[in-house]
Each structure stands twice: as C-alpha cells, then as structure tokens.
> 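If you scroll down you'll find the structure; I have some questions about it.
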Amino acid sequence: MAKELKKVYEPQEVEDRLYAHWEELGCFKADNKSKKEPFTVVIPPPNVTGQLHMGHAMDETIQDILIRYKKLRGYETLWLPGTDHAGIATQIKVEEMLRKEGLTRYDLGREAFLERVWAWKEKYGSTIINQLKKLGSACDWSRERFTMDEGCSAAVRKVFVDLYEKGLIYQGNRIINWCPNCKTALSDVEVEYTEKAGRLWHIEYKVKDSDEVVVCATTRPETMLGDTGIAVNPNDKRYTHLVGKTAILPLVGREIPIFADDYVEMEFGTGCVKVTPSHDPDDFEMGQRHGLDFILVIDENGRMTEGCGKYAGLDRYEARRVIVEDLEAQGLLRKVEELPHNVGVCYRCGTDVEPMTSTQWFVKMKPLAQPAIEAVRKGDIRFVPSRFENTYFNWMENVRDWCISRQLWWGHRIPAFYCDACGKMFVSREDLTVCPDCGAPVRQDEDVLDTWFSSALWPFSTLGWPEKTDDLAYFYPTSTLVTGYDIIFFWVARMIFSGLEHMGQKPFSDVLIHGLVRDAQGRKMSKSLGNGVDPLEIIKLYGADALRFTLITGNSPGNDTRFSADKVEAARNFANKIWNASRFVLMNLEVEDTALPPLSQLEPEDKWILSKMNRLVEEVTENLESYDLGVALSKLYDFFWDSFCDWYIELCKARLFAEDDNPQAKLTAQSVLAHVLFVALRLLHPFMPFITEELYLSLPHEKTSIMFESWPKPDDALRFSADEADMEKIMGAINAIRARRSEMNVPPSRRAALFIETKEHDLFAAGIPFFQRLAGISEVSFEQPPADVVTIVTDGARLFIPLGDLVDFGAELARLQNEKKKLHKEIERAGSKLNNPGFLAKAPAEVVEEEKTKLGKFTAMLEKVDESIAKLSDKQK
RNA sequence: GGACGCUUAGCUCAGCUGGUAGAGCAUUUGCUUGACGUGCAAAGGGUCAGCGGUUCGAUUCCGUUAGCGUCCACCA
C-alpha cells in the first residue's frame with residue numbers, strides 16, 4: 001500500500017503532467033445540459049499578444065480558486081477563457097515589427113496589414129494561453145473565444161446597429177481626445193492625467209477701438225491661434241464694461257468677441273480666459289453656448305495646421321516656443337508663472353493627448369447609465385468590497401458620451417457605409433457594396449471600434465449571443481467577475497450597461513475587485529522601471545502552487561499587495577510541508593481507505609484534531625463564500641502546519657510506534673491521519689491544485705481526480721468540545737515542560753522524570769506517552785515528588801521535575817515569584833470585570849461564564865504556585 | 001475641489017458582526033527527536049498614528065486631527 005514519495009516536493013515534475021491529466025479527463029469541461037446549478041466566470045480576456053504578468057497571475061488565481069471550490073461544492077462550473085484583440089496595443093506591436101523592415105502600415109495598405117496582424121496573432125496569440133495553463137487555470141478550453149472571432153464580431157455588429165437604430169449611437173463633430181502618436185481618437189478613460197511642471201503665460205489682447213488691453217493667462221499659448229473669444233465671469237466688476245466688445249488676437253489679428261460665462265473663475269489667473277473651442281473641452285462647450293467659431297489649429301500629427309501662417313507645420317511644442325518668443329518680442333507677454341498642472345496622456349503610449357474637434361462615433365450614455373446605476377443600487381449586482389460601488393456610482397452618474405471610433409485598422413470595422421453619389425449614410429447589419437437608394441457604389445467607414453466596445457459584450461458574446469444557444473440559456477447571467485480596480489470604468493461598468501441593454505439581464509451577480517501586485521518596495525511593477533517579476537520564472541523555481549499561495553495569502557480584497565521572494569519561499573516551504581506530512585501518513589498507512597473509524601475507537605487526540613478540522617471546514621467554507629480567500633488560506637495553513645503536523649502527527653507517533661502490540665490502536669491512528677489529510681487536501685485544492693492532486697492520487701482513492709471529489713461538510717458528530725479541552729490541558733502541560741527545560745538549557749536528549757499532582761488522574765495518565773515523546777520525559781509518577789524539583793503549574797495539574805543539580809534554587813524561586821505576579825495580574829483582570837455590576841448586567845452570559853472559569857483556573861493555579869514557593873523557601877532555610 | 005483607502009511586532013501584512021493582539025520573514029537560544037533542516041522546540045519584540053465620543057468593555061463602531069497613498073474633477 002505504502003507508496004514511496006520523494007523527500008522534497010518537486011513541482012516541476014508533476015505540474016505539466018497533472019494539467020494534461022485534468023485535460024484528458026475533461027475536468028474543465030462544462031456541460032450545459034447539467035442538472036446542477038451553474039457557476040460561471042468569464043475571464044478578463046488578456047491581450048492576445050500579451051505576456052502573463054503578476055497582475056494576471058493574481059487575477060487568474062482568484063478565479064481558479066472560485067471555480068475549483070464551486071466545482072467541489074457540486075456546481076456545474078464554467079470558466080470561459082479567451083483573449084482580446086487589443087486594438088491599439090496589438091497594432092502598435094505589429095507596426096513596430098514593420099518598422100524594423102523599414103515599412104509602415106500605409107506601405108502595406110489596409111488588407112495586407114491586417115493579414116500581417118492576423119499572422120502575428122496566430123503566432124503569438126497562444127503564448128498567453130499556454131502561460132495560463134502553467135498556473136493551473138481550470139478553463140474550459142473547448143470554449144475559448146477571441147474578441148474578433150466570428151461570433152464575437154457578429155455580436156459587435158448587432159449591438160452597433162441596434163444601438164444606432166435606437167438612437168443610442170450617433171456620429172458627430174465634437175471635441176475628443178486625440179493621441180498624435182497613435183493617431184487615433186481616445187475615449188475619456190483612455191486618457192491618464194499626470195501632473196507636469198508647466199507655466200502660465202499672461203498674454204495681452206488689445207481691445208478694439210480702445211486703449212485697453214485684456215490679459216489672458218494660459219498654459220498653452222500655441223492654442224491662441226485658434227482663439228475665437230475671450231470669456232470673463234459675469235459678476236466680475238473688473239471686466240463688465242468689456243463684455244460685448246471685441247478684442248484683437250495678437251500675432252493673428254483676428255477680431256474675437258469678449259463675453260461673459262459662469263465657467264470663468266474670477267480668482268484664477270487674470271479672470272480672463274482665452275477661448276479655443278476646437279482644442280479644449282470646456283472652451284468647446286463655451287463655444288457652443290456662445291456661437292463661437294471653431295478653428296482647428298493642430299492636426300492629427302500634433303503639428304500646427306496650414307492656416308497657421310508662419311507657424312504652420314511646426315510641432316505644437318515647437319510652436320509654443322516660437323509663439324512665446326514672438327509675443328515677448330512684441331511686448332505682449334505680461335508675466336510668466338510656474339504652474340504645475342495636470343496633463344492628459346495616452347494610456348498606451350504616454351504621449352500628451354490633444355483635445356480637438358473631430359467627427360467621430362459616440363454612444364449616448366445617459367439612457368444606458370441609468371439602469372446600470374439602478375442594478376447596483378438595488379443590490380442586483382454587488383461589488384466586493386462594497387466601497388468600490390462608490391467609485392462606480394461616481395463615474396456612472398457623471399459619465400459623458402463614449403467616443404467609440406478609432407482611427408486604427410485592427411479592430412471591428414464600423415458598419416457605416418457612405419454613398420458619395422447621393423451623400424447618404426447607411427448603418428447596416430450586412431455589408432453593402434452599392435447604395436440602397438441610388439445604386440452607386442458605397443464605401444465603408446474607415447474606422448474601427450474601441451477595443452472595449454467588444455469587451456463590453458464579453459459575458460454574453462462568448463456564450464453564443466446573438467444566437468440563442470444552450471450555453472447562453474444555461475450559463476447566463478454569469479456568477480462572479482474578478483478583476484482589478486483599475487479597469488472598473490474600462491470594462492466592468494460597460495459590461496453592466498451592455499448586459500442590461502442587450503440581454504435584458506445583468507451580466508454577473510458579484511464583482512470581486514482585487515488590487516495591484518507591487519514589487520517588494522511597494523512600487524508598481526512596470527516595464528520602464530524593469531521591476532516586474534515574471535510569474536513563469538517563479539513557477540519554474542518554486543512551483544505554481546507556491547506562486548498562487550503567495551498571491552493570495554496575507555491579502556484582503558481590493559488591497560494592493562507586495563510581491564517578494566521571501567514570501568514565495570515561505571509558500572514553497574508550506575508546499576513541502578504538505579508533501580512531507582502526506583509522505584509520513586502514506587509511509588505508515590496500512591488501511592485501504594480514508595474513512596473515519598467508528599467514533600468509539602477514537603482517542604482524545606483523534607477527537608481533538610477532528611473537532612478542529614470540523615470547525616476549519618465550517619470556517620473556510622464561510623470565508624470562501626464571502627470571498628475572504630486570504631483568511632481562508634491562512635486558516636488552512638495554521639491548521640495544517642500547527643494543528644496537524646506539529647501536534648497531531650507527533651501525538652500519533654505514540655500509537656504508531658508503540659512497543660505494545662495493539663494493532664487496532666495503530667489502525668485507528670492511521671485512519672484518522674488519512675481521513676484528516678484527505679479533508680485537508682480537498683480544502684487546499686482550490687488554492688494549491690497541483691500538489692493536492694498529486695497527493696490525492698497517492699492516497700487510497702476512488703476517483704481519478706480530486707476534482708471529482710466533493711467539498712467536505714461539517715459534521716455535528718465531530719464536535720468534541722470536552723475532549724478538545726481535555727487534550728489542550730495535556731498540550732498545555734507539554735508546552736510548559738518544554739518551556740521550563742528550554743529556559744534551563746536542558747538538552748532534549750536529557751530525559752527527566754515527571755511527577756504529577758492532579759485531581760484529573762485519568763486524563764493525565766492518558767497523557768503519559770505524550771509527555772514521554774514530546775516533552776523529554778522518562779517516567780511519570782503520581783507519587784509524592786522528591787525535594788529538589790522544578791515546579792510547573794498548569795491548568796489542571798502541578799508538575800514536578802527533579803532536575804538534580806541543574807536546578808538553581810534561587811532562580812527557581814524567582815521564576816515562581818514571577819509566575820505568581822503574572823497570575824495575580826490575571827486574577828485582578830478577571831476579578832475587576834466580575835466585580836463590575838455593569839459587566840455582570842450587560843455582558844452576554846457566556847462571556848461572563850468564561851471570565852468566571854478563567855478566574856477559577858487562575859486562582860487554583862495561584863494556590864499551587866504559593867504552595868511551591870512555601871516549600872522551596874522552607875527548604876532553603 | 002470631491003471620494004476612497006492606509007497608519008497594528010524590526011520588515012511585509014492579517015484580524016468577520018466590539019469581550020485579555022496574530023502570521024510570515026528577520027532576531028536570539030537549543031536540537032542528527034524513526035515525514036520534512038524548505039525542519040523541530042523555546043524566546044524576545046506592540047500604550048493596534050493622536051485626540052474626543054458611544055459602551056460594562058473599543059485595535060474593532062462614530063467624530064476629529066495628522067501623515068502617506070489611490071481614484072475622480074473644467075480652475076484656463
């Protein structure tokens with residue numbers, strides 16, 4: 001029966017084999033015809049060209065834990081994997097590759113370029129998928145999807161046309177965020193704001209037909225070329241006389257109106273704002289309110305437009321420099337102040353974003369946001385931790401229309417067709433080649449959709465929508481969405497309104513938010529810092545289970561966590577501990593199963609561990625249900641290492657290796673060991689799938705995989721609170737003896753006799769083998785102890801150890817005095833509580849009872865200590 | 001300017017609905033104890049950021065102050 005395991009756990013040797021084993025058995029495959037309750041998770045699709053990083057590793061680990069846990073609990077689990085085409089990111093990568101060949105995408109043309117991207121995707125798209133497998137992810141690979149596969153594309157097409165027909169998608173010339181490097185429009189969430197050093201230039205504008213000047217302060221002098229007005233606050237008495245007058249734009253000579261608008265803050269700058277409606281979101285709105293002209297002065301490359309005279313063609317920052325020089329030369333620069341301010345940069349490339357007016361496609365957000373807010377407000381969708389609901393509401397309530405068109409080639413092409421002959425535009429479910437009206441050829445909109453437009457449909461597009469599939473019927477809405485707080489706006493919010501709008505049903509019930517994985521110093525892991533840790537390297541060195549353990553333990557939902565080699569090492573050590581404990585159990589196993597023996601055969605130590613185990617099952621289950629994965633895992637760690645290994649296994653050795661011939665006692669110990677191990681392996685499996693599977697397969701088992709076993713259930717028959725308390729008295733005595741010995745530097749090899757004075761003779765008599773094995777005791781006697789002893793007072797007994805000349809009477813007396821002081825303190829503490837009428841009247845009965853028990857215990861112990869002190873003092877005299 | 005989070009042992013962090021503070025790592029000491037030195041045993045180390053309040057009782061709830069951090073926001 002006994003199987004030989006290696007002395008050290010070698011994850012490298014088992015992980016790939018077990019993953020293949022699971023795939024062969026179809027462990028990850030979900031059945032949409034199942035009678036069970038479904039539990040569905042859709043993966044946040046990683047970028048198809050991406051590499052697995054620590055953030056992914058954490059995200060996937062959490063999902064895998066939920067999936068494996070629910071599967072053991074008897075749910076029909078589906079973890080649906082896939083990848084995202086990642087419009088900008090992927091296109092940039094391929095363009096970089098082309099650049100090495102000296103080519104641009106324009107050299108290739110749209111079609112040839114897209115072929116290259118697809119080829120790239122075929123070549124590298126599976127990289128991240130294979131990396132996910134290394135982590136142990138229990139994804140149903142038969143259902144793997146891609147945001148640009150046929151089905152997802154059909155969903156995108158349908159959604160676009162539907163929204164257009166409902167009037168929720170429109171085309172318009174509005175101010176958008178433009179990345180001059182990526183050369184595309186961006187949505188509001190794709191702009192990141194960073195504080196940069198800047199300046200505030202005060203520029204003089206002459207007032208027409210007057211000697212007056214108005215001074216406008218700006219951080220972006222180059223945009224003055226596009227100024228079409230000057231705004232002041234309507235209540236600003238300094239300027240009321242100017243409202244309605246005209247100013248002359250310096251350098252350009254354009255006449256622009258001076259008007260009043262509430263937007264202007266009187267206190268900031270000079271109180272006069274130069275208004276550039278085409279290059280500033282606020283100015284854009286003022287421009288609309290006041291019917292100003294819109295003049296584009298910066299083009300899609302970030303250069304000044306042709307209409308800019310001598311500045312035409314200059315880069316916007318070069319133009320700034322020249323314009324400032326010119327203003328200065330003309331004496332129009334009144335003042336320059338240093339002013340750090342927020343600059344929007346592209347989230348992909350970091351280039352300063354240029355706000356500009358442009359014709360783009362937008363999703364009208366207000367009507368979509370309302371139900372999405374409601375769903376969370378009503379608790380239909382729940383964020384964990386709930387504080388992220390604030391973030392969500394705040395965004396949803398103030399959301400602006402979503403710019404969805406991108407001037408890229410890689411992505412879902414916008415299904416709008418233009419007829420140049422009759423000037424009409426058609427948004428169509430089918431591709432058009434000729435105009436439905438006039439029959440002339442049509443051309444399709446050049447732009448593609450924001451990547452996040454397709455991700456927003458992920459929870460249902462991946463299940464087959466718009467087809468009415470069995471998957472969709474059975475698995476939608478999904479159960480839990482796991483993701484980082486950094487993409488709540490990008491993705492979570494948009495999935496919510498999309499699900500509600502297109503499915504008429506929420507996309508998921510719970511949103512589990514986790515934080516970032518930072519480096520050991522707490523810095524964000526980033527490519528530019530080069531401080532990223534490669535999860536695959538960690539897996540290679542320490543194993544996937546150790547990595548998973550590291551990412552989960554000591555962390556709570558929504559909080560960032562630091563990653564350090566120390567932690568992984570500790571995790572690896574734990575895996576090794578599990579391995580060796582199992583090895584021990586297997587080496588001593590002569591029974592054929594892991595069933596519990598009849599309760600009547602159980603010894604106190606068996607009841608002790610079973611009782612603890614039973615409570616563990618309850619608590620871990622509870623913690624998992626409330627997504628407290630870190631808490632659950634640390635309880636498992638403590639139970640396994642401390643309770644099971646350091647105590648129970650050691651206690652069992654007394655029986656397993658007993659000289660007397662009691663085969664039944666041995667078998668009982670083996671059975672309990674195997675049983676507890678089996679329970680622990682199942683509880684640990686969601687967190688550490690590989691090692692638990694490998695060990696399960698070594699135990700006597702019925703199934704071909706631990707994944708087919710079921711989650712342990714608490715059992716009322718295993719609540720042995722009295723036995724547990726008894727056992728703890730023995731353990732307390734062992735602890736006390738060990739501490740005394742250690743204090744006195746007695747080597748473990750030096751065995752000592754033990755004299756016990758107790759009213760609980762049977763209990764302590766049963767503990768004899770444990771004292772011998774765990775506390776370095778030779779013989780135990782309940783007789784009167786000799787004179788020269790060390791006295792140890794514990795709960796339930798007084799223990800005496802004659803340690804011969806090792807004992808320094810003075811030291812022993814001091815120790816006892818110290819002990820006495822401690823007990824006095826305890827008694828005082830408990831006593832003051834119990835003397836407090838408020839406490840007695842208002843505290844719950846069991847708390848009062850507990851205090852009374854403690855008081856009794858400590859009082860008894862104090863008596864014993866006093867006795868010993870008296871004896872020792874007598875002797876010294 | 002809003003919103004949120006953090007401040008607990010030398011370090012990194014747990015601590016659910018209030019009832020004498022925990023883990024890992026680090027430190028010190030001892031140990032070939034028939035699974036494991038990726039181990040075993042023992043020990044030191046915290047007025048749970050400050051101040052108020054609620055309570056019989058607060059690290060835990062409320063308010064407030066300070067420091068740090070994150071997100072959002074139109075101060076040109």
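The analysis underlying the following values was restricted to heavy atoms, covering all of them including side chains, and did not include hydrogens, waters or symmetry mates. Lettering of chains follows the sequences in order, A, B, ..., and the numbering in each one begins at 1.
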> Ignoring backbone atoms, test whether A/K577 places a side-chain nitrogen or oxygen under 4.0 Å from the OP1 or OP2 oxygen of B/C40.
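For B/C40, OP1/OP2 do have a side-chain N/O of A/K577 under 4.0 Å.
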
> Over all strands shown, is A/P837 touching base, sugar-phosphate only, or nothing at heavy-atom distances under 4.0 angstrom?
nothing

> Anything under 3.5 Å between a protein N or O and an N or O of nucleotides 27-29 of chain B, put it in a table, one pair a line.
none

> Hey, does A/C645 reach any base, or is it just sugar-phosphate, or nothing, if we go heavy atoms under 4.0 Å?
base

> Base, sugar-phosphate, or nothing for A/K7, non-hydrogen atoms under 4.0 angstrom?
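The residue A/K7 makes sugar-phosphate contact but no base contact.
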
> Just checking A/F489: base, sugar-phosphate only, or nothing, at a heavy-atom cut-off of under 4.0 Å?
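Contact class for A/F489: sugar-phosphate only.
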
> Below 4.0 angstrom, N of the basic side chain to O of the carboxylate: do A/D401 and A/R174 qualify?
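Salt bridge flag = yes for A/R174 with A/D401.
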
> Looking at CG of A/L651 and CD1 of A/I734, how far apart are the two atoms once the value is rounded to the nearest 0.5 Å?
6.0 Å

> Reckon A/R773 touches a base, only the sugar-phosphate, or nothing at all at heavy-atom distances under 4.0 Å?
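Base: the residue A/R773, judged by heavy atoms under 4.0 Å, touches a nucleobase.
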
> Considering just the side-chain nitrogens and oxygens of A/N576, establish if one lies under 4.0 Å of OP1 or OP2 belonging to B/G39.
no

> Mind checking A/I649 for me? I need base, sugar-phosphate or nothing, with any heavy atom below 4.0 Å counting as a touch.
base

> Nearest whole angstrom, please: distance from the C1' of B/A41 to the CH2 of A/W647.
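Rounded to the whole Å, the gap is 10 Å.
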
> What residues form a salt bridge (charged side-chain N to carboxylate O under 4.0 Å, His left out) with A/E13, not counting sequence neighbours?
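Once residues adjacent in sequence are excluded, the partners of A/E13 under the salt bridge (charged side-chain N to carboxylate O under 4.0 Å, His left out) criterion are A/K6.
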
> Checking all strands, does A/E650 fall into the base, sugar-phosphate, or nothing category for heavy-atom contacts under 4.0 angstrom?
base

> Looking at A/E650 and A/R738, is any side-chain nitrogen of the basic one under 4.0 Å from a carboxylate oxygen of the acidic one?
no

> Without decimals, in angstroms, what is the distance between A/D560 CG and B/U12 C1'?
14 Å

> Below 6.0 angstrom between ring centroids: does that apply to A/F574 and A/F687?
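No, they do not, as the ring centres are separated by 6.0 Å or more.
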
> Looking for any heavy atom pair under 4.0 Å, which part of the strands does A/E826 touch: base, sugar-phosphate only, or nothing?
base

> At 4.0 Å (heavy atoms only), tell me whether A/G269 reaches a base, stays on the sugar-phosphate, or touches nothing.
nothing

> With the side chain of A/K567 defined as its heavy atoms from C-beta on, choose the nearest nucleotide among B/A35, B/C74, B/U12.
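Among the listed nucleotides, the one closest to the side chain of A/K567 is B/U12.
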
> Taking only side-chain nitrogens and oxygens of A/R199, does any of them come within less than 4.0 Å of OP1 or OP2 of B/A76?
no

> At under 4.0 Å between heavy atoms, what does A/N623 touch on the DNA or RNA strands: base, sugar-phosphate, or nothing?
nothing

> Is there a side-chain contact between A/I609 and A/V672 in this structure, where contact means two heavy atoms from C-beta onward sitting under 4.5 Å apart?
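With C-beta onward as the side chain, the pair touches.
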
> Can you identify which nucleotide, out of B/G34, B/G19, B/G39, has its nearest atom closest to the A/N573 side chain?
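So the nucleotide nearest the side chain must be B/G39.
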
> With heavy atoms under 4.0 Å as the rule, sort A/A581 into base, sugar-phosphate or nothing.
base

> Please report, rounded to the nearest Å, how far the C1' atom of B/A41 is from the CD atom of A/E743.
13 Å

> Nearest to the side chain of A/R829, which nucleotide is it out of B/C36, B/C40, B/U20?
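Nearest to the side chain of A/R829 among the choices is B/U20.
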
> With pairs defined as Watson-Crick or G-U wobble and both distances under 3.5 angstrom, please note down RNA chain B as a dot-bracket string, | for pairing with another strand.
(((((((..((((.....[..)))).(((((.......))))).....(((((..]....))))))))))))....

> At under 4.0 Å between heavy atoms, how does the protein contact nucleotides 2-11 of chain B? Give one character per nucleotide, 5' to 3', with B, S or -.
--SS------

> Is the terminal nitrogen or CZ of A/K577 (NZ for Lys, CZ for Arg) located under 6.0 angstrom from the six-membered ring centre of A/Y637 and within 45° of that ring's axis?
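Because its charged atom misses either the 6.0 Å distance or the 45° angle limit, A/K577 does not stack over A/Y637.
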
> Of all the choices, B/A42, B/U20, B/C40, which nucleotide is nearest to the side chain of A/R738 once you look at every atom?
B/A42

> So which nucleotide from B/C25, B/G19, B/C74 ends up closest to the side chain of A/Y263?
B/C74

> Heavy atoms within less than 4.0 Å of RNA chain B: which residues of residues 633-644 of chain A have one? Give them sorted by number.
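A/Y637, A/W641 - these, ordered by number, are the residues of the stretch whose heavy atoms sit under 4.0 Å from the strand.
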
> Going by an N to O cut-off under 4.0 Å, is there a salt bridge joining A/E828 and A/K825?
no

> Could you list all the salt bridge (charged side-chain N to carboxylate O under 4.0 Å, His left out) pairs where at least one residue sits in residues 385-399 of chain A, not counting sequence neighbours?
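Those involving residues 385-399 of chain A are A/R377-A/E397.
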
> With respect to A/D352, which candidate in A/K196, A/R316, A/R320 satisfies the salt bridge (charged side-chain N to carboxylate O under 4.0 Å, His left out) definition?
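Checked A/K196, A/R316, A/R320 against A/D352; only one passes salt bridge (charged side-chain N to carboxylate O under 4.0 Å, His left out): A/K196.
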
